[in-house]
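For reference, the structure is listed below as structure tokens.
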Amino acid sequence: MRQSLSVRDVMRRTYVGVSEGDSVAGAARLMNEDGVESAVVIRGPDPIGMLTAGDVMGVIADGGDPETTAVDA
């Protein structure tokens, strides 16, 4: 049986938000603490993108330092 779901049915009202200048490591810690796979990247009052767990792994796989790499890099 196929059930219809709307975004409203599955979306959380709270989210993890990080500033574009925050470190990837700091953002990853927040995501881990909240048990989420992504964070909304904020510039001032505006959301400008998403940081995902895959993005974090990409920084590490490319030899970057997540402690010194900014989210906007």
Side-chain angles (χ1 to χ4, degrees):
M1 172 190 251
R2 190 174 184 140
Q3 182 178 5
S4 177
L5 291 174
S6 71
V7 171
R8 182 179 306 215
D9 294 331
V10 296
M11 188 168 172
R12 294 173 55 178
R13 291 193 183 262
T14 60
Y15 62 90
V16 173
V18 296
S19 295
E20 59 188 326
D22 289 345
S23 73
V24 169
R29 283 190 285 275
L30 290 174
M31 291 161 52
N32 186 54
E33 288 170 8
D34 279 22
V36 297
E37 297 281 324
S38 62
V40 177
V41 181
I42 306 291
R43 179 185 294 148
D46 301 319
I48 60 166
M50 296 289 294
L51 176 74
T52 67
D55 296 328
V56 174
M57 290 188 302
V59 168
I60 295 165
D62 290 343
D65 181 355
E67 292 290 346
T68 61
T69 301
V71 167
D72 69 347

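Worth knowing before you read on, the calculation uses all heavy atoms, side chains too, and leaves out hydrogens, waters and symmetry mates.
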| message | Which residues pass the salt bridge (charged side-chain N to carboxylate O under 4.0 Å, His left out) test with E67, not counting sequence neighbours? | response |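 Salt bridge (charged side-chain N to carboxylate O under 4.0 Å, His left out) list for E67, sorted by chain: R29.
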Sequence neighbours left out, cut at 3.5 Å: what donor-acceptor pairs do the side chains of residues 49-64 make with other protein atoms?
residue	atom	partner	partner atom	Å
T52	OG1	G54	N	3.3
T52	OG1	D55	N	3.1
T52	OG1	D55	OD2	3.2
D55	OD2	T52	N	2.8

| said: Enumerate the salt bridge (charged side-chain N to carboxylate O under 4.0 Å, His left out) contacts for residues 38-49, please, sequence neighbours excluded, ordered by first and then second residue. | reply: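 For residues 38-49, and leaving out neighbouring residues, the salt bridge (charged side-chain N to carboxylate O under 4.0 Å, His left out) pairs sorted by first residue read E20-R43.
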| Given I42 and V18, is the side chain to side chain contact (heavy atoms under 4.5 Å, CB included) satisfied, shown in steps? | CA-CA 6 Å; I42 306 291; V18 296; over 6 Å; no
Can you name the nearest heavy-atom pair linking [X] to [Y], along with the distance?
| X | Y | value |
| --- | --- | --- |
| S23 | P66 | CB-O, 3.6 Å |
| A27 | V71 | CB-CG2, 4.1 Å |
| G21 | A70 | O-CB, 4.0 Å |

| request: To the nearest 0.5 angstrom, please state how far the CG atom of D72 sits from the CG atom of D22. | output: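 Going from CG on D72 over to CG on D22, the span is 9.5 Å.
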